[in-house]
Amino acid sequence: MLAVSQETKPVVSNGNGVEINSFHIAQQQLDNVAERLNLDPGIHARLRQPKRTLEVAIPTKMDDGSVRVFTGYRVQHSLDRGPAKGGLRYHPDVTLDEVKALSMWMTWKSAVVDIPFGGGKGGIIVDPKQLSKGEIERMTRRFAIELAPIIGPEMDIPAPDVNTTPQIMGWFMDGYSSLMGRRVTAIVTGKPLEVGGSLGRTEATGRGVTISVREVARRMNLDLQAAPAVIQGFGNVGRYAAALLQQECGTKTVAVSDTSGGVYNPHGLNVADLVRLKEEGGRVADYKDGDRVSNEELLELPCTVLIPSALENQITAQNAGRIQAKLIAEGANGPTTPAADTILHERGIVNVPDILANAGGVTVSYFEWQQGLRHEYWTLEEVNAKLERFLSRAVANVWERYQQEQVDMRMAAYMVAVRRVADAIHNCGTAY
Ligand code: GLU
C-alpha cells in the first residue's frame with residue numbers, strides 16, 4: 001500500500017466543538033505582549049512567523065513489506081539566541097500550524113530560563129500506537145535523514161515530546177550519525193544514558209513543574225502540605241510531577257488521567273502503583289482504588305494545585321469558570337486558551353505558564369547538549385542543582401514582572417522572554 005501524504009489541518013477542535021488554532025493563539029499572545037513592551041514593529045512582524053519551515057515525506061518500510069509515506073515537519077521559529085531547540089512529536093493530530101505554535105513557544109521558553117537557544121519543533125502525522133517497534137525505528141531513522149539539511153548540533157537540536165522516547169532519540173541520533181559518517185551525540189537530547197544521555201533528563205520536566213509550583217506557592221503564601229493536586233496526563237511529565245510534588249512539596253495527588261480517562265480519590269492515590277500500572281502497559285482507567293472521571297471532569301475537581309500535562313486547549317472559555325484550583329502549572333504546552341487565561345486571572349487563579357512551568361525539560365536538554373559537546377558526564381546531583389538554580393532564577397525574574405506590571409503570569413513571563421529575544425535581534429543589528 002502506498003499512502004498519500006496527508007493534508008495539513010489548519011484548524012483543530014478542542015473536542016467541545018470549539019475551533020482552536022494554536023498558531024493563531026501563539027500569534028495573539030505575541031501581539032498582546034508586543035503592545036505592552038512597545039516592541040519595535042519590524043521585530044514584532046518577524047517574530048510572528050517562523051524563520052524556517054520544512055515539510056518532508058518519510059517513506060517507511062512496513063513489517064508486511066509495503067511502504068507508507070508519512071508527513072513530517074520541522075519548524076525553526078528563531079535562531080536569534082542560539083541554535084533552535086525543541087522536541088519531535090508523533091501524533092495523528094499533528095498539523096503544520098500546531099508545530100509552528102510549539103516552535104514559537106520554545107523560543108520564549110529558552111529565553112525565559114535564559115539558556116542560549118532559539119526555538120524549534122517537529123512532528124510526524126502518525127499514531128505510533130498502530131506501528132511496531134521496528135516500523136517506528138525505520139520511520140525515525142528516515143526522519144533524521146530527511147531533516148539533516150537543516151539540523152545540527154550548532155543549528156537545531158531535537159528532543160523528545162509527545163509519544164517520543166529516549167529510545168527514539170537514540171535511533172534518531174544513530175540515523176543522523178550514519179549519514180555524517182561519525183558519531184554526533186549532540187544532534188539530539190533526551191537520549192538513553194548509554195549513548196550520551198544525561199542523568200536527570202527523563203524526570204526533568206516533572207521536576208521543573210515541581211520547582212515552579214514550590215517557588216510560586218511560597219510567594220503566594222499557599223500551603224502545599226497535604227494540599228490536593230490534580231494531574232491531567234500521566235506521561236513523561238505528569239507521572240514525575242505527581243510523584244515529585246508529593247515527595248518535595250507534600251501535596252496529595254487526588255486525581256490523574258491518561259487518554260483512557262481519569263481516576264479520583266479525595267483521600268489520595270498511590271502514585272507509585274499508578275506508575276507501575278502504566279509501565280506494565282496498563283491504563284489509568286484500569287486503576288481500581290478510586291472513582292472514574294473523564295478528562296474534562298478531572299479539570300474541575302476540587303483541588304489546590306492543577307497540572308494540565310497532556311495536550312493543548314484543555315482549559316477554555318467553556319470550563320475556566322468552573323476550575324477550582326488556586327494554582328495551575330502548565331506541564332503541557334498550550335493547555336490554556338487566551339480567553340480562559342482572562343477568566344482565570346479575573347477569578348484570582350494563578351496560572352504558571354508552560355514556558356516557565358515545563359521548562360525543566362529543555363533546561364536539562366541544555367545540560368545534556370553541553371555534556372555531549374564537551375565529552376563529559378555530570379552527576380545527578382550536579383544536574384539537579386543546576387536545574388534548581390536556572391528555574392528558581394526564572395521564577396524570580398517572572399515574579400518580579402508579575403508584581404510590577406499587575407498582569408497575569410503568562411504575560412509577565414512573555415514580557416521577560418520576548419524582551420530578551422528582541423534585544424538579541426536588536427543587538428545584532430540585523431535586518432530582522
Ligand atoms: N519537548 C520538550 C518541550 O516542549 C523538550 C524540548 C527539549 O528538550 O528540547 O519543552
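We count ligands from 1, going down the list as the structure has it; atoms in each ligand are counted the same way. As the structure is a computational prediction, the values presented were derived from the model and not from experiment. Counting begins at 1 with the first residue of the sequence.
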Q | Donor-acceptor under 3.5 Å (Arg74 side chain, Val56 main chain) | A | no
Q: Give a yes/no verdict on whether any heavy atom in Gly86 is under 4.0 Å from an atom of ligand 1.
A: yes
**Q.** Test item: Lys85 side-chain N/O and Ile157 main-chain N/O as donor-acceptor pair under 3.5 Å
**A.** yes
Q: For atom 6 (C) of ligand 1, state which one of Gly87, Gly334, Ala84 supplies the nearest heavy atom.
A: Gly87
Q | atom 10 (O) of ligand 1: the protein heavy-atom neighbour that sits closest, reported with distance to 0.1 Å | A | Lys109 NZ, 2.7 Å
Q.
Taking 4.0 Å as the limit for heavy-atom contacts, which would you say applies to Asn333 with ligand 1: side chain only, backbone only, both, or neither?
A. side chain
Q: Output the list of atoms in ligand 1 that are nearer than 4.0 Å to some heavy atom of Asp161, sorted by atom number.
A: 1 (N), 2 (C), 4 (O)
Q | ligand 1 atoms in contact with Pro160 (distance to a heavy atom under 4.0 Å) | A | 1 (N), 2 (C), 5 (C)
(Q) Just so I know, are the side chains of Asp114 and Arg81 near enough to count as touching, which here means a heavy-atom distance under 4.5 Å? (A) yes
(Q) Main chain of Gln232, side chain of Ser309: is a donor-acceptor contact present, judged purely on distance under 3.5 Å? (A) yes
Q | Numbering as shown, the atoms of ligand 1 that approach Lys121 to under 4.0 Å (heavy-atom distance) | A | 1 (N), 3 (C), 4 (O)
Q | Pairwise side-chain contact, Pro83 with Asp156, heavy-atom cut-off 4.5 Å (strictly under) | A | no
Q: Enumerate the atoms of ligand 1 whose separation from the nearest heavy atom of Gly361 is less than 4.0 angstrom.
A: 8 (O)
Q: Among all protein heavy atoms, pick the one closest to atom 7 (C) of ligand 1 and tell me residue, atom and distance.
A: Ala159 CB, 3.3 Å
Q. Which bit of Arg89 is near ligand 1, meaning a heavy atom under 4.0 Å away: side chain, backbone, both or neither?
A. neither
Q.
Keeping Asp80 on the side-chain end and Val421 on the backbone end, is there a donor-acceptor pair under 3.5 Å?
A. no
Q) How does Ala359 reach ligand 1, by side chain, by backbone, by both or by neither, if only non-hydrogen atoms under 4.0 Å count? A) neither
Q | Six-ring centre of Phe70, Arg68 cation under 6.0 angstrom, axis tolerance 45° | A | no
Q. Please state which protein non-hydrogen atom is closest to atom 8 (O) of ligand 1 and give its distance, to 0.1 Å?
A. Ser365 OG, 2.5 Å
Q) For atom 9 (O) of ligand 1, what is the nearest protein heavy atom, given as residue, atom name and distance? A) Lys85 NZ, 2.8 Å
Q. What's the shortest distance from atom 5 (C) of ligand 1 to any protein heavy atom, and which residue and atom give it?
A. Arg201 NH2, 3.6 Å
Q.
Any heavy-atom pair between the side chains of Arg89 and Glu98 that's under 4.5 Å?
A. yes
Q: Run the numbers for me: atoms of ligand 1, each under 4.0 Å from some heavy atom of Met106, listed by number.
A: 3 (C), 4 (O), 6 (C), 10 (O)
Q. Is it the case that Gln371 and Ser198 place a side-chain donor and acceptor less than 3.5 Å from each other?
A. yes
Q: Tell me yes or no: between the side chains of Thr202 and Tyr240, is some donor less than 3.5 Å from an acceptor?
A: no
